[in-house]
Amino acid sequence: MGLDINKIRQDFPILTKEIYKKPLVYLDNAATTQKPLCVIEKITEGYCNCNANIHRGVHFLSQMATEAHEAARENVRSFINAASAREVIFTRGTTEAINLVASSFGDSQCSEGDEIIISQMEHHSNIVPWQLLQSRKGTTLKVIPFDENGILKVEELEKMITPKTKLVSVTHASNTLATVNPIKEIIRIAHAHDVPVLVDGAQSIPHFSVDVQDLDVDFYVFSGHKVYGPTGIGVLYGKERWLDAIPPYQGGGEMIKKVTFEKTTFNELPFKFEAGTPDYIGSTALSAALDYVKGIGLENISKHEHELLEYARTRMAEIEGMRFIGNSPQRSGLVSFLVGDIHPYDMGSILDKLGIAVRTGHHCAEPVMQAFGIEGTVRASFAMYNTKEEIDTLVAGIERARKMFHH
Ligand code: PMP
């Protein structure tokens, strides 16, 4: 059964907004998704009914807030099928989660000359933390290349791993090329050499179901705001044995067992990695977002987004001068493109005046742009609430821009 998109759209207040007196066509979902009312209400409800600092309070509200936060953790656990809620660490988002691993794992497990392997299609947040590690520890960075279609050359990985390789850190789905990588195979190859794997799930969690135990992944990270949740909250999943083995990331309240001026002992998992007051309103709102996604069904979402994607690519291919950046057959719901020699910013600005929100530029993946010898792309990215009519509006907008620039 198909999704009732009109009904879904009613759950997202912002979608009725007009931009320059035109209906909003929001196609920037890879950057952030819009929020359903249940998430917005959860935030209000949290502050109206359930606001008190968590974990240390004996009073009623504090206990209520603590229970809500821990229930949210359990909900995340079940969403990604982690073995234990102790393996679910709340962070500010994907970026902070990767930085946590780069610091805690990197500083404790890596020495000079050790290697971290990433891929050529990583977001800057899965490049720069490893370069910072490089400047602290003298590690080196190796990069799995992709081909002209944006498909990762996974066969290279086997040859790249050496006894000095400490971690493979790759994205599940590319935010620029749409490529969905064969993560299970990558993990299998790395594990055959006893190398753990971190997977950046920022662009996968909103689109298809992820089972961390089935993947046998060591670290998996994602952001709440890309899966219909609030900004400022995200998740680091880590296998318990890894999280136990590596030191805390930040020091402060919550993460300690006992503090004296001579010595401090650390709290157990997951609190060891959650220094300071956690975003307990954010975690409960994220939990509401995951419930919402579960209610619609990730399979239904995935099917709908794929239909949109194929429709968009078919219609857009008819546009003169259309060039798609990224042609992997395994792809998620976004399309990166250029039209003739029209600069992405010009295209984006014209579309904006028509009420169409797309993203333009390098999408925080400059090495991808370098590989294609381009400055940037225009990116339209889809969510469960997008429609074919919106894609028609996009196609008409692109045509209009093309005519303005070429005739
Ligand atoms: N990785 C990928 C693949 C992404 O698309 C993004 C967001 N564009 C990030 C990491 C960073 O996410 P955040 O800014 O929410 O930390």
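Computed over heavy atoms, backbone and side chain alike; hydrogens, waters and symmetry mates excluded. Read the numbers this way: they start at 1 and go in the same order the structure lists the ligands and their atoms.
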Hey, can you tell me if His69 and His55 have their rings parallel, tilted or perpendicular (30° and 60° cut-offs)?
perpendicular
Aromatic ring pairing Tyr292/Phe12, orientation class (parallel under 30°, perpendicular over 60°, tilted between)
perpendicular
Among Ser223, Ala365, Gly224, closest by any non-hydrogen atom to atom 12 (O) of ligand 1:
Ser223
Option of least heavy-atom distance to atom 14 (O) of ligand 1 (set: Asn126, Thr171, Thr95)
Thr95
Would you say Arg136 has more than 12 foreign heavy atoms packed within less than 6.0 Å of its CZ?
yes
If you define the side chain from C-beta out and look only at heavy atoms, does anything of Thr176 sit under 4.5 Å from His362?
no
Any atom of ligand 1 sitting under 4.0 Å from a heavy atom of His363?
no
Is Lys226 close enough to touch ligand 1? Criterion: a residue heavy atom under 4.0 Å from a ligand atom.
yes
Looking only at protein heavy atoms, which one is nearest to atom 4 (C) of ligand 1, and how far off is it?
His123 CD2, 3.5 Å
What protein heavy atom lies closest to atom 5 (O) of ligand 1? Include the residue and the distance to one decimal.
Gln203 NE2, 2.7 Å
Pick one of side chain, backbone, both or neither for how Glu96 approaches ligand 1, counting any non-hydrogen atom pair under 4.0 Å.
neither
The answer for which part of Asp200 has a heavy atom under 4.0 Å from ligand 1 is side chain
Heavy-atom donor-acceptor pair, [X] side chain to [Y] backbone, under 3.5 Å:
| X | Y | result |
| --- | --- | --- |
| Thr314 | Glu310 | yes |
| Thr179 | Asn181 | no |
| Asp107 | Ser104 | no |

Asn175: numbered ligand 1 atoms lying under 4.0 Å from its heavy atoms
5 (O)
With a cut-off of 4.0 Å, which atoms of ligand 1 are near a heavy atom of Ser125?
1 (N), 9 (C), 10 (C), 11 (C)
